[in-house]
Number of protein chains: 2
Amino acid sequence: MQTWSAGWTAGSRGPLEGDSQGGAADRAREIVGRVGDKWTVAVVHALGNGPLRFTEIRRGVDGISQRMLTTTLRALERDGLVLRTVYPEIPPRVDYELTPVGRSLLDTLWLLMNWAVVHTEDIDRARREYDAK
Amino acid sequence: MQTWSAGWTAGSRGPLEGDSQGGAADRAREIVGRVGDKWTVAVVHALGNGPLRFTEIRRGVDGISQRMLTTTLRALERDGLVLRTVYPEIPPRVDYELTPVGRSLLDTLWLLMNWAVVHTEDIDRARREYDAK
DNA sequence: CGGTATCCACTTCGATACTG
DNA sequence: CAGTATCGAAGTGGATACCG
(Lines give C-alpha, C1' and ligand atoms only; values in the text may rest on other atoms or scores of the structure.)
Protein backbone atom coordinates (compact mmCIF):
# COMPACT_ATOMS: atom_id res chain seq x y z
CA MET A 1 0.00 0.00 0.00
CA GLN A 2 0.92 3.60 -0.37
CA THR A 3 -0.79 6.92 -0.41
CA TRP A 4 0.14 8.91 -3.47
CA SER A 5 0.36 12.18 -1.66
CA ALA A 6 2.80 13.55 -4.19
CA GLY A 7 2.67 13.68 -7.93
CA TRP A 8 -0.57 15.23 -9.08
CA THR A 9 -0.16 18.84 -8.44
CA ALA A 10 1.47 19.05 -11.84
CA GLY A 11 0.04 18.42 -15.26
CA SER A 12 -3.57 19.18 -16.31
CA ARG A 13 -3.38 21.98 -18.78
CA GLY A 14 -6.78 23.54 -18.95
CA PRO A 15 -8.75 22.32 -21.92
CA LEU A 16 -12.34 23.40 -22.47
CA GLU A 17 -11.25 27.00 -22.63
CA GLY A 18 -14.07 29.40 -23.26
CA ASP A 19 -16.67 26.97 -22.09
CA SER A 20 -17.31 26.81 -18.40
CA GLN A 21 -16.98 30.50 -17.84
CA GLY A 22 -19.58 31.80 -20.26
CA GLY A 23 -23.13 30.96 -19.23
CA ALA A 24 -24.16 30.81 -22.87
CA ALA A 25 -22.95 27.26 -23.37
CA ASP A 26 -24.67 26.18 -20.17
CA ARG A 27 -27.92 27.74 -21.31
CA ALA A 28 -27.58 26.04 -24.66
CA ARG A 29 -27.04 22.71 -22.95
CA GLU A 30 -30.07 23.25 -20.79
CA ILE A 31 -32.20 23.93 -23.83
CA VAL A 32 -30.76 20.93 -25.66
CA GLY A 33 -31.56 18.76 -22.66
CA ARG A 34 -35.09 20.10 -22.60
CA VAL A 35 -35.71 19.76 -26.28
CA GLY A 36 -33.79 16.53 -26.77
CA ASP A 37 -36.04 14.63 -24.44
CA LYS A 38 -37.71 11.50 -25.71
CA TRP A 39 -41.31 12.65 -25.90
CA THR A 40 -40.48 16.13 -27.13
CA VAL A 41 -38.55 14.75 -30.05
CA ALA A 42 -41.36 12.37 -30.89
CA VAL A 43 -44.08 15.01 -30.70
CA VAL A 44 -42.19 17.63 -32.70
CA HIS A 45 -41.46 15.00 -35.27
CA ALA A 46 -45.11 14.00 -35.39
CA LEU A 47 -46.14 17.59 -36.05
CA GLY A 48 -43.78 17.82 -38.99
CA ASN A 49 -46.47 17.18 -41.58
CA GLY A 50 -48.83 19.89 -40.44
CA PRO A 51 -51.36 20.63 -37.68
CA LEU A 52 -52.75 17.75 -35.68
CA ARG A 53 -55.40 17.32 -33.03
CA PHE A 54 -54.62 16.02 -29.58
CA THR A 55 -55.86 12.55 -30.27
CA GLU A 56 -54.14 12.37 -33.61
CA ILE A 57 -50.79 13.12 -32.02
CA ARG A 58 -51.50 10.53 -29.39
CA ARG A 59 -52.17 7.90 -32.01
CA GLY A 60 -49.03 8.88 -33.88
CA VAL A 61 -46.67 8.87 -30.96
CA ASP A 62 -46.62 5.29 -29.90
CA GLY A 63 -46.73 4.59 -26.18
CA ILE A 64 -47.25 8.13 -24.93
CA SER A 65 -49.73 8.56 -22.11
CA GLN A 66 -52.34 11.26 -22.05
CA ARG A 67 -50.58 12.96 -19.18
CA MET A 68 -47.19 13.03 -20.87
CA LEU A 69 -48.68 14.29 -24.11
CA THR A 70 -50.36 17.14 -22.29
CA THR A 71 -47.19 17.93 -20.34
CA THR A 72 -45.01 17.82 -23.43
CA LEU A 73 -47.36 19.99 -25.47
CA ARG A 74 -47.61 22.56 -22.67
CA ALA A 75 -43.83 22.79 -22.45
CA LEU A 76 -43.53 23.20 -26.21
CA GLU A 77 -46.24 25.83 -26.20
CA ARG A 78 -44.53 27.68 -23.38
CA ASP A 79 -41.26 27.72 -25.28
CA GLY A 80 -43.00 29.12 -28.33
CA LEU A 81 -42.33 26.04 -30.42
CA VAL A 82 -45.91 24.91 -30.81
CA LEU A 83 -49.06 26.92 -31.36
CA ARG A 84 -52.24 25.74 -29.67
CA THR A 85 -55.54 26.70 -31.25
CA VAL A 86 -58.87 26.00 -29.60
CA TYR A 87 -62.02 25.85 -31.69
CA PRO A 88 -65.04 26.41 -29.44
CA GLU A 89 -67.13 23.72 -31.03
CA ILE A 90 -69.10 20.79 -29.81
CA PRO A 91 -67.30 18.44 -29.67
CA PRO A 92 -64.23 20.40 -28.61
CA ARG A 93 -61.41 20.68 -31.09
CA VAL A 94 -57.83 21.72 -30.41
CA ASP A 95 -55.16 21.93 -33.05
CA TYR A 96 -51.45 21.92 -32.49
CA GLU A 97 -48.92 23.07 -35.03
CA LEU A 98 -45.27 24.00 -35.12
CA THR A 99 -44.39 27.67 -35.07
CA PRO A 100 -41.61 28.89 -37.38
CA VAL A 101 -39.13 28.44 -34.54
CA GLY A 102 -40.54 24.99 -33.92
CA ARG A 103 -40.02 24.10 -37.54
CA SER A 104 -36.43 25.25 -37.40
CA LEU A 105 -35.97 22.95 -34.44
CA LEU A 106 -37.46 20.10 -36.39
CA ASP A 107 -34.93 20.65 -39.15
CA THR A 108 -32.12 20.23 -36.68
CA LEU A 109 -33.74 17.33 -34.88
CA TRP A 110 -34.19 15.65 -38.17
CA LEU A 111 -30.44 15.68 -38.65
CA LEU A 112 -30.04 14.04 -35.27
CA MET A 113 -32.70 11.43 -36.07
CA ASN A 114 -30.89 10.77 -39.27
CA TRP A 115 -27.60 10.35 -37.44
CA ALA A 116 -29.33 7.85 -35.16
CA VAL A 117 -30.72 5.89 -38.09
CA VAL A 118 -27.38 5.80 -39.85
CA HIS A 119 -25.52 4.63 -36.75
CA THR A 120 -28.06 2.24 -35.28
CA GLU A 121 -26.08 -0.76 -36.45
CA ASP A 122 -22.80 0.60 -35.09
CA ILE A 123 -24.36 1.23 -31.72
CA ASP A 124 -26.07 -2.13 -31.54
CA ARG A 125 -22.84 -3.90 -32.39
CA ALA A 126 -20.86 -1.87 -29.87
CA ARG A 127 -23.40 -2.72 -27.18
CA ARG A 128 -23.25 -6.41 -27.91
CA GLU A 129 -19.47 -6.38 -27.76
CA TYR A 130 -19.44 -4.39 -24.55
CA ASP A 131 -22.05 -6.61 -22.92
CA ALA A 132 -20.08 -9.71 -23.83
CA LYS A 133 -17.87 -8.96 -20.80
CA MET B 1 -74.90 19.14 -20.00
CA GLN B 2 -74.87 16.83 -22.92
CA THR B 3 -72.98 13.80 -23.99
CA TRP B 4 -71.64 14.05 -27.48
CA SER B 5 -72.19 10.48 -28.34
CA ALA B 6 -72.38 11.24 -32.04
CA GLY B 7 -70.11 13.12 -34.34
CA TRP B 8 -66.59 11.78 -34.05
CA THR B 9 -66.53 8.69 -36.02
CA ALA B 10 -65.78 10.85 -39.05
CA GLY B 11 -62.79 12.99 -39.82
CA SER B 12 -59.22 12.23 -38.81
CA ARG B 13 -57.36 11.40 -41.94
CA GLY B 14 -54.28 9.51 -40.89
CA PRO B 15 -51.22 11.68 -40.86
CA LEU B 16 -47.86 10.33 -39.75
CA GLU B 17 -47.91 7.82 -42.53
CA GLY B 18 -44.83 5.64 -42.62
CA ASP B 19 -43.95 6.35 -39.04
CA SER B 20 -45.58 4.25 -36.42
CA GLN B 21 -45.42 1.07 -38.39
CA GLY B 22 -41.70 0.85 -38.99
CA GLY B 23 -39.71 0.27 -35.82
CA ALA B 24 -36.78 2.16 -37.33
CA ALA B 25 -38.18 5.54 -36.38
CA ASP B 26 -38.85 4.30 -32.86
CA ARG B 27 -35.31 3.04 -32.54
CA ALA B 28 -33.99 6.33 -33.81
CA ARG B 29 -36.06 8.18 -31.24
CA GLU B 30 -34.78 5.93 -28.52
CA ILE B 31 -31.21 6.68 -29.49
CA VAL B 32 -31.91 10.38 -29.75
CA GLY B 33 -33.42 10.32 -26.29
CA ARG B 34 -30.41 8.48 -24.98
CA VAL B 35 -27.86 10.67 -26.65
CA GLY B 36 -29.75 13.94 -26.29
CA ASP B 37 -29.69 13.74 -22.54
CA LYS B 38 -28.27 16.66 -20.61
CA TRP B 39 -25.08 15.12 -19.27
CA THR B 40 -24.32 13.16 -22.41
CA VAL B 41 -24.45 16.29 -24.52
CA ALA B 42 -22.21 18.12 -22.08
CA VAL B 43 -19.62 15.34 -21.87
CA VAL B 44 -19.45 14.72 -25.60
CA HIS B 45 -19.10 18.43 -26.11
CA ALA B 46 -16.31 18.59 -23.53
CA LEU B 47 -14.40 15.85 -25.32
CA GLY B 48 -14.54 17.77 -28.57
CA ASN B 49 -11.05 19.21 -28.24
CA GLY B 50 -9.30 15.92 -27.68
CA PRO B 51 -8.70 13.28 -24.99
CA LEU B 52 -9.34 14.20 -21.39
CA ARG B 53 -8.83 12.56 -18.05
CA PHE B 54 -11.70 11.86 -15.70
CA THR B 55 -11.02 14.81 -13.47
CA GLU B 56 -10.50 17.15 -16.37
CA ILE B 57 -13.93 16.31 -17.75
CA ARG B 58 -15.40 16.79 -14.34
CA ARG B 59 -13.90 20.25 -14.08
CA GLY B 60 -15.10 21.11 -17.55
CA VAL B 61 -18.67 19.94 -17.16
CA ASP B 62 -20.05 22.26 -14.57
CA GLY B 63 -22.25 20.75 -11.89
CA ILE B 64 -21.83 17.09 -12.80
CA SER B 65 -21.40 14.70 -9.89
CA GLN B 66 -18.82 11.96 -9.85
CA ARG B 67 -21.51 9.36 -10.07
CA MET B 68 -23.20 10.90 -13.09
CA LEU B 69 -19.92 11.37 -14.88
CA THR B 70 -19.05 7.72 -14.37
CA THR B 71 -22.51 6.61 -15.48
CA THR B 72 -22.49 8.84 -18.53
CA LEU B 73 -19.02 7.77 -19.60
CA ARG B 74 -19.89 4.10 -19.22
CA ALA B 75 -22.97 4.51 -21.38
CA LEU B 76 -20.98 6.34 -24.03
CA GLU B 77 -18.30 3.68 -23.94
CA ARG B 78 -20.90 0.96 -24.26
CA ASP B 79 -22.40 2.63 -27.30
CA GLY B 80 -18.97 2.88 -28.91
CA LEU B 81 -18.95 6.66 -28.84
CA VAL B 82 -16.10 7.06 -26.39
CA LEU B 83 -12.88 5.13 -26.03
CA ARG B 84 -11.55 4.52 -22.53
CA THR B 85 -7.83 3.98 -22.12
CA VAL B 86 -6.30 2.95 -18.81
CA TYR B 87 -2.63 3.61 -18.16
CA PRO B 88 -1.44 1.31 -15.39
CA GLU B 89 0.58 3.95 -13.62
CA ILE B 90 0.84 5.26 -10.12
CA PRO B 91 -1.14 7.42 -9.76
CA PRO B 92 -3.77 5.88 -12.01
CA ARG B 93 -4.50 7.59 -15.28
CA VAL B 94 -7.50 7.07 -17.53
CA ASP B 95 -8.07 8.90 -20.77
CA TYR B 96 -11.36 9.32 -22.55
CA GLU B 97 -11.67 10.31 -26.15
CA LEU B 98 -14.33 10.35 -28.83
CA THR B 99 -14.33 7.54 -31.35
CA PRO B 100 -14.98 8.40 -35.00
CA VAL B 101 -18.66 7.66 -34.46
CA GLY B 102 -18.58 9.81 -31.36
CA ARG B 103 -17.11 12.65 -33.34
CA SER B 104 -19.81 12.35 -35.95
CA LEU B 105 -22.34 12.64 -33.15
CA LEU B 106 -20.62 15.73 -31.88
CA ASP B 107 -20.92 17.34 -35.30
CA THR B 108 -24.66 16.86 -35.19
CA LEU B 109 -24.99 17.86 -31.57
CA TRP B 110 -23.05 20.97 -32.35
CA LEU B 111 -25.77 21.96 -34.79
CA LEU B 112 -28.35 21.45 -32.08
CA MET B 113 -26.30 23.47 -29.59
CA ASN B 114 -26.04 26.16 -32.18
CA TRP B 115 -29.78 26.13 -32.72
CA ALA B 116 -30.21 26.53 -28.98
CA VAL B 117 -27.81 29.45 -28.83
CA VAL B 118 -29.48 31.18 -31.75
CA HIS B 119 -32.96 30.77 -30.30
CA THR B 120 -32.26 31.34 -26.63
CA GLU B 121 -33.75 34.81 -26.77
CA ASP B 122 -36.87 33.62 -28.60
CA ILE B 123 -37.43 30.93 -26.04
CA ASP B 124 -36.83 33.17 -23.05
CA ARG B 125 -39.26 35.72 -24.41
CA ALA B 126 -41.89 33.08 -25.18
CA ARG B 127 -41.57 31.76 -21.64
CA ARG B 128 -41.98 35.17 -20.10
CA GLU B 129 -45.07 35.83 -22.19
CA TYR B 130 -46.55 32.45 -21.38
CA ASP B 131 -45.85 32.78 -17.67
CA ALA B 132 -47.49 36.20 -17.60
CA LYS B 133 -50.83 34.39 -17.45
C1' DC C 1 -62.78 15.20 -27.46
C1' DG C 2 -59.38 17.23 -24.63
C1' DG C 3 -58.14 17.72 -20.86
C1' DT C 4 -57.24 17.99 -15.08
C1' DA C 5 -56.34 15.74 -10.56
C1' DT C 6 -54.64 12.12 -7.75
C1' DC C 7 -52.16 8.26 -6.33
C1' DC C 8 -48.18 5.66 -6.50
C1' DA C 9 -44.31 2.57 -8.42
C1' DC C 10 -40.17 3.24 -10.26
C1' DT C 11 -36.18 5.69 -11.65
C1' DT C 12 -32.78 9.30 -11.22
C1' DC C 13 -29.48 11.78 -9.03
C1' DG C 14 -26.69 14.22 -5.40
C1' DA C 15 -24.23 13.53 -1.13
C1' DT C 16 -21.35 10.78 1.43
C1' DA C 17 -18.12 7.25 2.50
C1' DC C 18 -14.76 3.99 1.17
C1' DT C 19 -11.14 1.48 -2.15
C1' DG C 20 -7.07 0.28 -5.22
C1' DC D 1 -6.61 9.84 -9.36
C1' DA D 2 -10.45 7.16 -10.67
C1' DG D 3 -13.58 5.06 -9.37
C1' DT D 4 -17.55 1.75 -6.52
C1' DA D 5 -21.29 1.33 -2.96
C1' DT D 6 -25.06 2.95 -0.54
C1' DC D 7 -28.76 5.88 0.94
C1' DG D 8 -32.38 9.06 0.87
C1' DA D 9 -34.68 13.06 -1.50
C1' DA D 10 -36.74 14.40 -5.57
C1' DG D 11 -38.46 13.82 -10.06
C1' DT D 12 -40.78 11.02 -13.74
C1' DG D 13 -44.29 8.75 -15.65
C1' DG D 14 -48.24 5.35 -15.89
C1' DA D 15 -52.96 4.17 -14.30
C1' DT D 16 -57.19 5.68 -13.02
C1' DA D 17 -61.09 8.61 -12.30
C1' DC D 18 -63.62 12.51 -13.35
C1' DC D 19 -65.14 17.16 -15.86
C1' DG D 20 -66.58 20.75 -19.51
Side-chain angles (χ1 to χ4, degrees), chain A residues 1-13 30 33-34 36-43 46-47 51-78 82-97, chain B residues 1-12 29-30 33-34 36-43 46-47 51-78 82-97:
Chain A
M1 296 303 139
Q2 70 149 320
T3 71
W4 23 64
S5 39
W8 42 58
T9 44
S12 74
R13 324 119 294 132
E30 182 229 307
R34 233 253 66 253
D37 132 89
K38 177 185 172 188
W39 294 130
T40 299
V41 172
V43 169
L47 289 172
L52 288 180
R53 304 178 58 167
F54 188 88
T55 308
E56 291 173 334
I57 303 175
R58 194 175 179 189
R59 269 198 300 273
V61 178
D62 186 74
I64 196 169
S65 67
Q66 189 176 43
R67 201 174 75 88
M68 287 318 296
L69 180 52
T70 302
T71 304
T72 303
L73 286 170
R74 287 292 175 279
L76 285 169
E77 191 193 356
R78 183 171 109 101
V82 157
L83 180 65
R84 179 173 183 266
T85 311
V86 181
Y87 301 93
E89 307 170 352
I90 302 293
R93 176 191 183 87
V94 180
D95 268 21
Y96 293 90
E97 66 184 308
Chain B
M1 299 296 144
Q2 75 150 312
T3 72
W4 25 64
S5 37
W8 43 55
T9 44
S12 74
R29 286 204 286 248
E30 183 230 306
R34 230 252 73 253
D37 131 87
K38 177 186 171 188
W39 294 130
T40 299
V41 171
V43 169
L47 289 173
L52 288 180
R53 304 177 59 166
F54 188 87
T55 309
E56 291 173 333
I57 304 174
R58 195 174 177 189
R59 268 199 300 273
V61 178
D62 187 75
I64 195 169
S65 68
Q66 189 176 43
R67 202 175 76 88
M68 287 319 294
L69 180 52
T70 302
T71 305
T72 303
L73 286 170
R74 287 292 173 281
L76 285 168
E77 191 193 355
R78 184 170 109 102
V82 157
L83 180 65
R84 179 174 183 266
T85 310
V86 180
Y87 300 94
E89 307 171 354
I90 302 294
R93 176 190 183 88
V94 181
D95 268 22
Y96 293 91
E97 67 185 307

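Small disclaimer: the values here were computed from a predicted structure and weren't measured. Chain identifiers are assigned alphabetically (A, B, ...) following the order of the sequence lines, protein sequences preceding nucleic acid strands; residue numbering begins at 1 within each chain.
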For Thr55(B), side-chain contact (heavy atoms from CB on, under 4.5 Å) partners two or more places apart
Arg59(B)

Any side-chain N or O of Arg53(B) under 4.0 Å from OP1/OP2 of dC1(D)?
no

Testing the basics here: between Asp95(A) and Pro51(A), what is the closest heavy-atom pair and its distance to 0.1 Å?
OD2-CB, 4.0 Å

Pairs under 3.5 angstrom, nitrogen or oxygen only, protein versus nucleotides 14-18 of chain D, please.
from, atom 1, to, atom 2, distance (Å)
dG14(D), OP2, Ser65(A), OG, 3.0
dG14(D), N7, Arg67(A), NE, 3.2
dG14(D), O6, Arg67(A), NE, 3.1

Of the options Thr72(A), Thr71(A), Val82(A), which is the one that meets Thr40(A) in a side chain to side chain contact (heavy atoms under 4.5 Å, CB included)?
Thr72(A)

Can you tell me the distance, in whole Å, between the CG atom of Asp37(A) and the C1' atom of dT11(C)?
15 Å

side-chain contact (heavy atoms from CB on, under 4.5 Å) against Arg74(B), all qualifying residues, sequence neighbours excluded:
Tyr130(A), Thr70(B), Glu77(B), Arg84(B), Tyr96(B)

Just checking Tyr96(A): base, sugar-phosphate only, or nothing, at a heavy-atom cut-off of under 4.0 Å?
sugar-phosphate

Between P on dC1(C) and CD on Glu89(A), what's the gap in Å once rounded to a whole number?
14 Å

In whole angstrom, give the distance that lies between atom CD1 of Ile57(B) and atom C1' of dC1(D).
13 Å

Who passes side-chain hydrogen bond (donor to acceptor under 3.5 Å, both in side chains) against Glu30(A), sequence neighbours left out?
Arg27(A)

For dC1(C), take OP1 and OP2 only and decide whether either is under 4.0 Å from a side-chain N or O of Arg58(A).
no

From CZ of Arg74(B) over to P of dA5(D), roughly how many Å is that when rounded to an integer?
11 Å

To the nearest Å, give me how far apart CZ (Arg93(A)) and C1' (dG3(C)) are.
16 Å

Taking only distance into account, with no hydrogens and no angle test, what donor-acceptor pairs under 3.5 Å do side-chain atoms of residues 85-92 of chain B form with protein atoms, sequence neighbours excluded?
none

Atom-pair distance (CG on Leu69(B); P on dC1(D)), nearest Å:
13 Å

Roughly how many Å is it from OH in Tyr87(B) to P in dC1(D), rounded to a whole number?
17 Å

Partners meeting salt bridge (Lys or Arg N to Asp or Glu O under 4.0 Å) with Glu97(A) (sequence neighbours left out)
none

To the side chain of Thr55(B), which of dT4(D), dG3(C), dA2(D) is closest?
dA2(D)

When rounded to whole Å, the CZ to P distance for the pair Arg34(B) and dT11(C) reads 17 Å

So Arg84(B), base contact, sugar-phosphate only, or nothing? Heavy-atom distance under 4.0 Å.
sugar-phosphate

